Undergrad: 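Starting off with a structure, shown below.
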Number of protein chains: 2
Amino acid sequence: MDVRVTRSPAMTDVARLAGVSHQTVSRVLNDHPNVREQTRLRVRAAIAELGYRPNRAARALVTGKSQLIGVVAQNSTLYGPASLLAAFEQAAAEAGFAVSVGSVGRLDRESIAGAVERHLDQRVAGLVVIAPVASADDALEDMPAGVPLVTIDGDPRRAHALVIVDQAAGARLATERLLAAGHRTVWHVSGPADWYDAAGRIEGWRAALEDAGAEVPPLVPGDWSAASGYDAGQMLARMPEVTAVFTANDHQALGLLRAFSERGRKVPEDVSVVGFDDVPEAAFFIPPLTTVRPAFGAVAHAGLDLLLAQITAETTTPERVVIAPTLVDRASVAPPA
Amino acid sequence: MDVRVTRSPAMTDVARLAGVSHQTVSRVLNDHPNVREQTRLRVRAAIAELGYRPNRAARALVTGKSQLIGVVAQNSTLYGPASLLAAFEQAAAEAGFAVSVGSVGRLDRESIAGAVERHLDQRVAGLVVIAPVASADDALEDMPAGVPLVTIDGDPRRAHALVIVDQAAGARLATERLLAAGHRTVWHVSGPADWYDAAGRIEGWRAALEDAGAEVPPLVPGDWSAASGYDAGQMLARMPEVTAVFTANDHQALGLLRAFSERGRKVPEDVSVVGFDDVPEAAFFIPPLTTVRPAFGAVAHAGLDLLLAQITAETTTPERVVIAPTLVDRASVAPPA
DNA sequence: CGATGCATTGTTAGCGATAACAAGATCGGC
DNA sequence: GCCGATCTTGTTATCGCTAACAATGCATCG
């Protein structure tokens, strides 16, 4: 029975061809030191000849760990999370890890817990949770210990390893830029109240104002959408005293710009605007938007480094990395009339 | 030695507690018909009591298949691919599959092949490749047979199962909308020439023009970026005869709008613009953008359905699904002056 | 020159599940 | 009441790999 089913070759096939035991093949694959150079080459040749590729499932079964990193994120096309995810995948691939994405519809405790459990089933080597709201963080309370975990944009007060963008510093940058241009005060259209990102930006904005001895105007609440920026703009455009606005993200700024445009308030002549995120299109808003750029790539890399440190070194030292944003000057800021 | 290491319970633990063999537990888990109701309940209770969750790696090892679907996509924050990915994850999760993302930096043959191989290592149950350019498609030529595969946005002429958005129909919609408003002809700022999406939109635009007996103006080439739209706008704004422009995506339209605004060409009074994609912000451009909406959710669902059909039914009938886009009317189109 | 130790390789035993087969229990038909 | 068919359950082998230990060879040292 010469069945010519091209079953993909296993380790024993390689071993037979190379004239060694399967264990030696395993050693070559895992870069064990004690293998004679000549043997190593012979095994490598056999691997190449057969086109052998190790079976991850078998390895995962015996080691209890996979080369898989789970990422839990909200299923959204928000620019921030999407960029983060893309950057993270890239970084993980470079480190030889595959990324399994468990997107959740909402960031409530139950959804997050479910996504986490699904990943645990797969014996992921580590877990990254993008947890920008308190409810997401809560879900991680009763995580089984021993699973490497990094949260991104999580609660700074928790003990996990985490990576955060210094939202307050970014907001301060934006606010101070407007103050420096000569504005008496700066209004703020915020993100959803339960997001840490939004809270941090509010905090930085308020602190910058207070430090400068400027009046703190009432907060204009919004969500992250352009629509909420538009609504805010409809209101702010009616108040002649408003000469400077800092929005919690660029899309809100876009909505705001449109509302101002409709009501004849010229940007930056009548009112200056600063956004947050530096989406690729921000340079093409009317006018080009001055904004704050959080380094998503840096966040992703830092997150991966922290995770890999936990995975390899077994240290669960809850380290944290804070990424400082930078200000990108464009044309939406000018001195008040 | 009562080591209280909370090793996660295995099937034998459940079996012992329920007083049955591990095989019976396996049967309960896999919904085999021949298990007495009473036994089934006892096993279920034991599973619940121990918080048992099956080991995917072990199952994958013995069956040769995992509950993992691999998605190969370009690592990008382009709105289209990102939306597609998000929608797909959602759909897969509902069907009980995890999604492993293999993002590639570039869509060349080598990158794609590498990502595909990495997924094959993991014994994915199926593979979805978002292959909007020819080089990506080429890489799939020498795929090992027997792996369920669906391409999205791939070459319509290939024999794979695939899901495509009818780009030509969308472009036709846009072009005809402009023609119907009374414009003599419509200019087109295209996407990168090697993308099928871009090619399809060009084709639809040209066909609509020819069908209407309108002159076909020279094509203005671009990539997907807002910058390329801006550059195109700088040029088009200088030509008084240009009264209607169809851009290959919304971000290009944004750049175009800014260029027109800078040069004092009013939209839609002087020139009408239609985009493609319906990004969430399109309603807040100045003016709100009339655009074409491809149903990303529908694409993702169709792709998953096709894949699941192949996975379960073993049929490798190369089916194909074509999703028709719709036109979203806003305020960037008006009759010519 | 035999003992000692390290480098190298092989042997054996699982990891936790499913598949294939075997065996006991139950049931209907004559 | 006996026989074969069917339902239910258990036993054993196996997937492809790594861990632990055993065995071999060779150099070093007193």
Side-chain angles (χ1 to χ4, degrees), chain A residues 3 5-44 46-47 50-68 120-125 311-312 314, chain B residues 3 5-44 46-47 50-68 96 120-125:
Chain A
V3 189
V5 184
T6 25
R7 171 183 63 88
S8 60
M11 206 173 252
T12 49
D13 300 317
V14 176
R16 198 174 315 117
L17 182 61
V20 297
S21 75
H22 69 270
Q23 181 61 273
T24 299
V25 177
S26 168
R27 288 192 182 102
V28 171
L29 246 44
N30 293 290
D31 287 324
H32 271 252
N34 295 341
V35 179
R36 198 152 38 117
E37 192 54 28
Q38 183 190 334
T39 312
R40 191 185 302 275
L41 291 176
R42 204 142 35 89
V43 171
R44 287 255 165 74
I47 289 175
L50 293 179
Y52 166 77
R53 325 212 80 216
N55 183 323
R56 305 271 188 172
R59 181 179 292 175
L61 176 58
V62 63
T63 61
K65 290 287 171 209
S66 60
Q67 288 287 100
L68 242 197
L120 261 25
D121 280 2
Q122 298 185 63
R123 303 293 191 272
V124 291
I311 290 173
T312 57
E314 301 282 317
Chain B
V3 190
V5 184
T6 26
R7 171 182 63 88
S8 61
M11 206 173 253
T12 50
D13 301 317
V14 176
R16 199 175 314 118
L17 181 62
V20 298
S21 76
H22 70 272
Q23 180 61 271
T24 299
V25 178
S26 170
R27 289 194 181 100
V28 171
L29 246 44
N30 293 290
D31 287 324
H32 272 252
N34 294 343
V35 178
R36 195 151 40 115
E37 190 55 28
Q38 183 189 337
T39 312
R40 191 185 301 277
L41 291 176
R42 202 141 37 89
V43 171
R44 286 256 166 72
I47 288 175
L50 293 178
Y52 166 79
R53 328 211 78 214
N55 184 323
R56 305 273 189 171
R59 181 178 293 176
L61 177 57
V62 64
T63 61
K65 290 287 172 207
S66 61
Q67 287 287 99
L68 240 196
L120 260 25
D121 281 2
Q122 298 184 64
R123 302 294 191 273
V124 291

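Order of the sequence lines sets the chain letters (A, B, ...), proteins ahead of strands, with each chain counted from 1. Everything numeric in this text was worked out from a predicted model, so none of it was measured.
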Undergrad: Quick one: CD on Gln122(A) to CG on Leu68(B), what's the gap to the nearest 0.5 Å?
TA: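 Answer rounded to 0.5 Å: 5.0 Å.
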
Undergrad: Report the distance from atom CG of Asp31(B) to atom C1' of dT18(C), rounded to the nearest whole Å.
TA: 15 Å

Undergrad: Under 4.0 angstrom, heavy atoms only, what part of the nucleic acid is Ser21(B) near: base, sugar-phosphate, or nothing?
TA: base

Undergrad: Sugar-phosphate means primed atoms, P, OP1 and OP2; the rest is base. With that split, encode nucleotides 13-27 of chain D 5' to 3' as B, S or - using protein heavy atoms under 4.0 Å.
TA: --BBBBBB-------

Undergrad: Nearest-Å distance, CG (Asn34(B)) to P (dA19(C))?
TA: 15 Å

Undergrad: If every non-hydrogen atom of Asp31(A) is compared with every non-hydrogen atom of Arg44(A), which pair is closest and at what distance?
TA: OD1-NH2, 3.8 Å

Undergrad: Indicate the atoms forming the closest heavy-atom contact of Leu61(B) with Ala58(A), along with that distance.
TA: CD1-CB, 3.6 Å

Undergrad: In whole angstroms, how far is the P atom of dC15(C) from the CD atom of Gln122(A)?
TA: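 After rounding, the reported distance stands at 22 Å.
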
Undergrad: Below 4.5 Å, heavy atoms only, C-beta onward: do Leu29(A) and Met11(A) meet side chain to side chain?
TA: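 Yes - at least one pair of side-chain heavy atoms lies under 4.5 Å apart.
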
Undergrad: Arg40(A) side chain to Val28(A) main-chain N or O, any donor-acceptor pair under 3.5 Å?
TA: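 Judged by distance alone, no pair lies under 3.5 Å.
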
Undergrad: Starting from the first five and the last five pairs of the helix from dC1(C)-dG30(D) to dC30(C)-dG1(D), work out the angle between the resulting helix axes, to 10 degrees.
TA: 40°

Undergrad: So, does Ser66(B) use its side chain to make a donor-acceptor pair with the main chain of Arg123(B) at under 3.5 Å?
TA: yes

Undergrad: Could you pull out all residues at least two apart from Arg53(B) that satisfy side chain to side chain contact (heavy atoms under 4.5 Å, CB included)?
TA: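 If we apply the side chain to side chain contact (heavy atoms under 4.5 Å, CB included) test to Arg53(B), skipping adjacent residues, the hits are Glu117(A), Asp121(A).
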
Undergrad: Mind calculating the distance between CZ (Arg40(A)) and C1' (dA7(C)) to the nearest angstrom?
TA: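 So the CZ-C1' distance, Arg40(A) to dA7(C), works out to 12 Å.
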
Undergrad: Quick one: CG on Leu17(B) to OH on Tyr52(B), what's the gap to the nearest 0.5 Å?
TA: 13.5 Å

